[in-house]
Amino acid sequence: MDSTPESPRRTWAEIDTDALRHNFDALQACVGASVQVMAVVKANAYGHGVETVVKALASRAAMFGVANVKEAREVRVHAPGVPVFILGPALPDERAEIVWGGFIPSVSDVAEARAYAALGTGAPIPVHLVLDTGMGRIGIWEDDAERIAHEICSIPGIDVAGIASHLPVADEDAGFTHDQLLRFHTLVEKLVAQGIRRPVVHVENSAGIIAEPALAGTLVRAGLALYGSAPIVEFQPKLRPVMTWKTRVTLIREVGVGRGVSYGRTFITPRPMRIATLAVGYADGYRRHLSHCEAHVLIGGKRCSLLGRVTMDQILVDVSALPECQAGDEVVLIGQQGSEEILAAELAEKSGTIAWDIFTGIGQRVVRT
Ligand SMILES: *Cc1c(COP(=O)(O)O)cnc(C)c1O
């Protein structure tokens, strides 16, 4: 044989690039045409597949945002002309490639800035200063910002092209977020008054864009909402989910009353049931924590209940109400089927986590199509 047969798909994620562009445009409309939009595509574009997402947004995004230099390199291949921003601190050993690759690093202190300057070969290296205005993760603490920004700006070979910050509670505390945004913009104005060339200013993630579009600065960093999942629920109708996560029925069994189902025998059939085995498990990112949380899947346009514990490669669902259901049938884990829909947010809530975690937890076995 000169070719390997292609295996049928057991679990896969269909990516709707029209929906992705629709969401980008919805967020752009939120902040207005004068504000640029960075598409955040870290972690394999939130599990959606970085190649597909970057190609679909290359003509729209002002910039792509990634977590590290390896991700930056991948984005560059698929959208050579679009600037790439590294959202977090680079490792010392990643800095050289950032400089020669022309990626834009975030900088949190003088030592980091000096290290970039030392790698320069002539032209000033563009960096974005991050200010810590409440996130408490990276950046220059806001009280020290004027002094340290001044010091960094005076390092030869460094071009402070942007000033950024990050919102810790944009989807949870509107009051804190509003005050934080005002403090940030005031601080930026002080730095500009001190003589910093007016930089690109960015602070808002998806929730910030939705809640405070008027305080966006000149650039926003959109992640979750781009993928069609609104961190602020009122905005959900304006978005279209990008991913439909599917699997298939592998087996149907008619099971008598009083039988244990799955590990732990935590579910005992209360009556005779028709039970479908599905080709997905926690190794694919279908959370084990969904066990006994009234999670559903969609088969034949109907909600079917998860029974017993999620196992590594298989789950069991109740198809007693679907006498026609058979092995090979398509099942929707996230997405729409008929008039029913399961959002990532629903699985997140039931498994005690957030939609970001559900998307990025979808495993490598799940083919993105
Ligand atoms: C991931 C990330 C974002 C995107 O956040 P969403 O809530 O997904 O829109 C924005 N800014 C930074 C610094 C990030 O790390």
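In what follows, residues are counted from 1 in the order of the sequence shown. As a basis for the values below, the full set of heavy atoms in this structure was taken, side chains included, without hydrogen atoms, waters or symmetry mates.
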Side-chain polar contacts of residues 258-265 - donor-acceptor pairs under 3.5 angstrom, sequence neighbours left out - could you list them?
from, atom 1, to, atom 2, distance (Å)
S262, OG, R309, O, 2.9

Inset, instruction - To the nearest 0.5 angstrom, please state how far the OG atom of S206 sits from the CG atom of L27. - result: 6.0 Å

Legend entry - With K350 via salt bridge (Lys or Arg N to Asp or Glu O under 4.0 Å) - residues at least two apart: E346

Legend entry - Flag side-chain contact, heavy atom, 4.5 Å: C304 against L298: no

Inset, instruction - Specify the closest pair of heavy atoms between A113 and I158, including all atoms of both residues, with the distance to one decimal. - result: O-CD1, 3.4 Å

Legend entry - side chain to side chain contact (heavy atoms under 4.5 Å, CB included) involving R10 - partner list, sequence neighbours excluded: T250, A279

Inset, instruction - Might you point out which heavy atoms bring S165 and L131 nearest each other, and give the distance in Å? - result: OG-O, 2.6 Å

Inset, instruction - Please tell me if the side chains of T244 and W12 come closer than 4.5 Å, counting only heavy atoms from C-beta onward. - result: no

Legend entry - Residues forming a salt bridge (Lys or Arg N to Asp or Glu O under 4.0 Å) with D173, sequence neighbours excluded: none

Inset, instruction - With sequence neighbours excluded, tell me which residues meet side chain to side chain contact (heavy atoms under 4.5 Å, CB included) with A67. - result: K42, E71

Inset, instruction - Report yes if the side chains of D109 and I140 come closer than 4.5 Å at any heavy-atom pair, otherwise no. - result: no

Legend entry - Salt bridge present between D16 and R240 (N-O < 4.0 angstrom): yes

Legend entry - By side-chain hydrogen bond (donor to acceptor under 3.5 Å, both in side chains) - contacts of D179 (at least two apart): none

Legend entry - R95 NZ/CZ over Y116 ring centroid, <6.0 Å and within 45° of normal: yes

Inset, instruction - Return yes if some donor-acceptor pair links the side-chain N/O of S291 with the main-chain N/O of V310 below 3.5 Å, else return no. - result: yes

Inset, instruction - Taking the side chain as every heavy atom from C-beta outward, state whether V280 and K246 have any atom pair closer than 4.5 Å. - result: no

Legend entry - Any donor-acceptor N/O pair, T247 side chain to T11 backbone, under 3.5 Å: no

Legend entry - Salt-bridge contact E142-K190 (side-chain N to carboxylate O under 4.0 Å): no

Inset, instruction - Apply side chain to side chain donor-acceptor pair (under 3.5 Å) to the pair H292 and T266, showing each step before the final yes or no. - result: CA-CA 9 Å; H292 306 292; T266 51; 2.6 Å; yes

Legend entry - For W100, the rest of its hydrophobic cluster, which grows through side-chain links under 4.5 angstrom: none

Legend entry - V75: which of F64, F103, F85 passes side chain to side chain contact (heavy atoms under 4.5 Å, CB included): F64

Inset, instruction - Could you tell me whether the side chain of R183 reaches within less than 4.5 Å of the side chain of T186, counting heavy atoms only? - result: no

Inset, instruction - Only counting residues at least two apart or in another chain, list the ones meeting side-chain hydrogen bond (donor to acceptor under 3.5 Å, both in side chains) with E340. - result: R303

Inset, instruction - Report yes if the side chains of W356 and S229 come closer than 4.5 Å at any heavy-atom pair, otherwise no. - result: no

Inset, instruction - Could you tell me whether the side chain of Q337 and the main chain of I299 form a donor-acceptor pair under 3.5 Å? - result: yes

Inset, instruction - Determine yes or no for a side-chain-to-main-chain donor-acceptor pair under 3.5 angstrom, with Q180 supplying the side chain and H166 the backbone. - result: yes

Inset, instruction - Report yes if some heavy atom in the side chain of H48 is under 4.5 Å from a heavy atom in the side chain of V242; otherwise report no. - result: yes

Legend entry - Charged N-O contact under 4.0 Å between R73 and E97: yes

Inset, instruction - Step by step, work out the side chain to side chain contact (heavy atoms under 4.5 Å, CB included) result for I152 and L129. - result: CA-CA 9 Å; I152 290 175; L129 291 191; 3.7 Å; yes

Inset, instruction - Can you measure from CD1 (I163) to CD1 (I196) and round to the nearest 0.5 angstrom? - result: 4.5 Å

Legend entry - For H202, all residues meeting side-chain hydrogen bond (donor to acceptor under 3.5 Å, both in side chains), sequence neighbours excluded: H128, R221

Inset, instruction - Side-chain contact test, heavy atoms from C-beta onward, threshold under 4.5 Å: evaluate it for W245 versus V332 and give yes or no. - result: no

Inset, instruction - Quick one: list whatever passes side-chain hydrogen bond (donor to acceptor under 3.5 Å, both in side chains) with E146, sequence neighbours left out. - result: none

Inset, instruction - Output the distance between atom CG (L333) and atom CD1 (I315), rounded to the nearest 0.5 Å. - result: 6.0 Å

Inset, instruction - List the steps, then state whether side chain to side chain contact (heavy atoms under 4.5 Å, CB included) holds for I354 with E349. - result: CA-CA 7 Å; I354 53 177; E349 199 188 320; over 6 Å; no

Legend entry - Heavy-atom closest contact (L347 atom, L290 atom, distance): O-CD2, 3.6 Å

Legend entry - Heavy-atom pair of closest approach, residues P83 and A62: CD-O, 3.5 Å

Inset, instruction - Please report the shortest heavy-atom distance between E151 and V110, naming the atom on each side. - result: OE2-CG1, 3.7 Å

Inset, instruction - Taking salt bridge (Lys or Arg N to Asp or Glu O under 4.0 Å) as the test, write out the residues that go with R365, two or more places apart. - result: D284, D313

Inset, instruction - Can you sort out the partners of K238 under salt bridge (Lys or Arg N to Asp or Glu O under 4.0 Å), two or more places apart, ordered by chain and number? - result: none

